[in-house]
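Scope of the values below: all heavy atoms of this structure, side chains included, with no hydrogens, waters or symmetry mates. Indexing begins at 1, ligand by ligand and atom by atom, following the structure's order.
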Amino acid sequence: MMKNELILILDFGGQYNQLIARRVRECNVYSEVVPYNISIEKIKEKQPKGIIFTGGPASVYGDDAPKCSKDIFELGIPVLGICYGMQLMTHTLGGKVARANKREYGTTEVTIDNSSPLLQGFNNTNGFLMSHTDYVEVVPEGFHNICSTSSCPNAAMENPDKKLYGIQFHPEVNNSINGIQVIKNFLFNICNCKGDWIISSFAQESIKKLKEKIGDKKALCALSGGVDSSVAAVLLSKAIGKNLTCIFVDHGLLRKNEGDEVEEVFRHQFDINLIRVNAKERFLSKLKGVTDPETKRKIIGEEFIRVFEEEAKKIGTVDFLVQGTIYPDVIESGLGKSSVIKSHHNVGGLPDYVDFKEIVEPLRDLFKDEVRKTGLELGIPENLVYRQPFPGPGLAIRIIGDITDDKLTILKDADSIFREEISNAGLHKSINQYFAVLTNLKSVGVMGDERTYDYTIALRAVETTDFMTGVWSKIPYDILERVSSRIVNEVNHVNRVVYDITSKPPATIEWE
Ligand code: XMP
């Protein structure tokens, strides 16, 4: 990967920090989010072309306000402070930050001095997202104003000699009209970036680096069939071939045919050393009679680790354990400033009992969509690369109540019909997660002249970007009708289909 052109993003705890990093990468400049208190030495070592200070919830006058050293402005590296970042720049350099009586929030009309290299390409007015209470009342010496709103006198400022810039608005969000232009201006007009970082170079660079790092040593990877572990496994396999062993624990709770599809891709298409453990019986016997969702999760998580451990022991000591960690995981767990909204209960977390010397995380620097692009580049089939999220505990948390083999078959068949129809209707890219749930409810129906007393299947489909909130998808009635009629006709023991019309919150995406 060409990392020589780097933009460092100092994280002051704002909610849009990942988005800033993404926007910079969209301009083909590599970016890294680092804690706000990174040392000056570290910054120098990294030799960034520019530095961006993110926003954040603090006030510069607060007791715990995250601060930065004044020296950072003396490095000769251009700095762009966004929101809190601008206020901090002001405060540190001797300007004055004041508190307004009222928060300014929303897309707001600004008046622009478009002769500034930061604001070139804009008309004299534009709509930018403002979200702040504190504001810059007096710009520091050497700075002048380049943008204002009716209630914020200094919505942007510059010190072109020192290449220091501050903006009170958020250019990274869609609510700012053409906000990306501000980021481009900073990168190309001010930092003189070339913009030659492209994701397609990542795969080849990464394979080369992995080859150098691992040499002829051995690596072990837990393969789930999810996109992250799949891309990590293929990268490793291209780097070290048969010295990589993948263990795929099939707990029998995957969707219809999914276990075989994973095996087909990795064993046959990529010729990876794959151990598939068919452990369905083992999981089902542990889960017998268990109805509580959290207990199900716990049992599956523990059993998964046990199975993995047994297989790993057979292999003996390995040098490297491969993890499919991606950049948002690193940002969320490592920096400790942005608030973590949900901790993920994944099966197959770090198995610390496996005898290995080092962890290798080839996707650590990538966002999800970049992981997907890399996957496609490596030749992983599209259906796997664009696989919707699937919970580690699998169908166990989509069968309400206790789990049996028969119920699993019913759910797999119903779910497969639903997915097929969504795909046929071309809705699979706009609905972010969709699946069937086997409710534990039986009700009376009539089939032919016979009374039936069978299960109710619930359909769930949500549209979301972050999976923390979401709305139920307004699937056209005729598609729902076709799905319902196919399920009751083709799947035994189902006589009723309902559609879940609850958003998240208050409901979660999964039923358990
Ligand atoms: P909820 O149900 O909390 O789900 O709205 C949000 C997202 O997380 C997935 N999910 C899980 N993923 N292990 C996982 O790996 C789990 O135990 C688990 N529970 C929920 C869910 O599918 C959705 O994408």
Under 3.5 Å between some N or O of ligand 1 and some N or O of Arg297? yes

State the atoms of ligand 1, each with its element, that fall below the 4.0 Å cut-off from a heavy-atom position in Phe467. 6 (C), 24 (O)

Quick check: does Ile397 get an N/O under 3.5 Å from an N/O on ligand 1? no

Any side-chain to backbone donor/acceptor pair from Lys218 onto Lys242? Under 3.5 Å, distance only. no

Glu510 N/O under 3.5 Å from ligand 1 N/O: yes

Tell me, please, whether Tyr386 has Lys429 positioned over its six-membered ring: NZ or CZ under 6.0 Å from the ring centre and within 45 degrees of its axis? yes

Find all atoms of ligand 1 within a distance of less than 4.0 Å from any non-hydrogen atom belonging to Lys504, and give their numbers and elements. 1 (P), 3 (O), 5 (O), 6 (C)

Is the side chain of Thr409 donor-acceptor paired with the backbone N or O of Asp405 at a distance under 3.5 Å, no angle test? yes

Could you tell me if Arg267 sits above the aromatic ring of Phe248, with its cationic atom closer than 6.0 Å to the ring centre and no more than 45 degrees from the axis? no

Within 4.0 Å of some non-hydrogen atom of Gly392, the atoms of ligand 1 are 13 (N), 14 (C), 15 (O)

Are any of the side-chain heavy atoms of Val249 and Phe283 separated by less than 4.5 Å? yes

